[in-house]
Amino acid sequence: QVQLVESGGGLVQAGGSLRLSCAASGRTFSSYSMGWFRQTPGKEREFVAAISWSGDSTADSVKGRFTISRDNAKNTVFLQMNNLKPEDTALYYCAAKFGGKSARANDYDYWGRGTQVTVSS
């Protein structure tokens, strides 16, 4: 069982930056692939970024602006978000899965409750 707790969301002006964190419980954090997803009301959960032992990947919509990283010693995964746009406004979720990384939300086994990011124009 893995518990995930996101933090770092908030209100920021367009062009600003935020750094999201996701703290994971458990002793086998390094064995998991980690992902960030986001969701707005009435829409499906959208892939943002993922990271595993083989590397990381980001969605085209955030490529060059968002960076995912992890600190296995601290059981934490991060999402650095730069040059934020109003369309980045969403509830951001952290997720964990066994095996390789994936861009599909259904592949993930564990989810946090999310942290809200609001970007004003």
Side-chain angles (χ1 to χ4, degrees):
Q1 189 76 10
V2 175
Q3 292 185 330
L4 304 172
V5 179
E6 303 95 335
S7 62
L11 174 64
V12 63
Q13 289 188 331
S17 298
L18 284 174
R19 189 192 196 200
L20 305 185
S21 298
C22 173
S25 66
R27 295 175 293 178
T28 58
F29 175 74
S30 61
S31 301
Y32 291 90
S33 292
M34 303 297 296
W36 285 99
F37 290 78
R38 65 187 182 186
Q39 191 170 23
T40 54
K43 293 188 176 181
E44 293 187 355
R45 206 160 287 190
E46 176 191 14
F47 170 72
V48 176
I51 188 167
S52 71
W53 62 88
S54 64
D56 60 86
S57 61
T58 53
D60 288 343
S61 59
V62 305
K63 200 176 296 288
R65 301 187 297 121
F66 290 12
T67 303
I68 188 171
S69 62
R70 66 191 296 166
D71 184 340
N72 289 335
K74 296 183 178 180
N75 282 13
T76 304
V77 62
F78 304 98
L79 185 68
Q80 178 66 44
M81 306 186 296
N82 298 328
N83 191 22
L84 282 159
K85 304 176 181 180
E87 52 264 41
D88 294 319
T89 295
L91 186 61
Y92 282 72
Y93 294 92
C94 172
K97 68 179 296 291
F98 290 108
K101 60 184 181 294
S102 172
R104 301 198 313 165
N106 287 344
D107 288 343
Y108 285 79
D109 304 298
Y110 304 101
W111 291 85
R113 293 187 176 184
T115 185
Q116 178 68 38
V117 171
T118 303
V119 184
S120 63
S121 57

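One-based numbering along the sequence shown.
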* Structure fact -> All heavy atoms of Ser30 vs all of Arg70, minimum pair found to be CA-NH2, 3.9 Å
* For the ring pair Tyr93 and Phe37, is the centre-to-centre distance below 6.0 Å? -> no
* Flag side-chain contact, heavy atom, 4.5 Å: Thr58 against Arg65 -> no
* Please write out which residues are connected to Phe78 in a hydrophobic cluster, directly or through intermediates, given that two of Ile, Leu, Val, Met, Phe, Trp, Tyr count as joined at side-chain heavy-atom separations below 4.5 angstrom. => none
* Going by atom types only, do Ser102 and Asp107 share a side-chain donor-acceptor pair under 3.5 Å? -> yes
* To do: Can you tell me which residue pairs pass the disulfide bond (SG atoms under 2.5 Å apart) test with a partner in residues 41-85, sequence neighbours excluded?
  => none
* Between Gly100 and Trp53, what is the shortest heavy-atom contact and its length? -> N-CH2, 3.6 Å
* What are the two closest non-hydrogen atoms of Glu6 and Gly114, and how far apart are they? -> OE1-N, 2.9 Å
* Structure fact -> Between the OG1 atom in Thr118 and the CD atom in Gln13, the distance rounded to the nearest 0.5 Å is 13.0 Å
* Roughly how far apart are Arg19 CZ and Gln80 CD, rounded to 0.5 Å? -> 6.5 Å
* Asked: Under the side-chain contact (heavy atoms from CB on, under 4.5 Å) criterion, do Leu91 and Arg113 qualify, and how do the steps go?
  -> CA-CA 9 Å; Leu91 186 61; Arg113 293 187 176 184; over 6 Å; no
* State, to 0.1 Å, how close Ser33 and Lys101 come at their nearest heavy-atom pair, and which atoms those are. => OG-N, 3.2 Å
* Connected-component partners of Val12 among ILVMFWY, side-chain separation under 4.5 Å -> Val2, Leu4, Leu18, Leu20, Phe29, Tyr32, Met34, Trp36, Val48, Ile51, Val62, Phe66, Ile68, Val77, Leu79, Met81, Leu84, Tyr92, Phe98, Tyr110, Val117, Val119
* **Heavy-atom pair of closest approach, residues Tyr108 and Ala50** => OH-CB, 3.6 Å
* Got more than 12 heavy atoms from elsewhere within 6.0 Å of CD, Gln3? -> no
* To do: Using a 4.5 Å cut-off on heavy atoms from C-beta on, say whether the side chain of Thr40 contacts that of Glu46.
  => no
* Asked: Can you tell me if NZ on Lys63 sees more than 12 non-hydrogen neighbours from other groups inside 6.0 Å?
  -> yes
* To do: Consider only side-chain N and O atoms of Thr76 and Asp71, and report whether a donor and an acceptor are under 3.5 Å apart.
  => no
* Asked: Heavy atoms, side chains only, cut-off 4.5 Å: are Arg38 and Ser61 in contact?
  -> yes
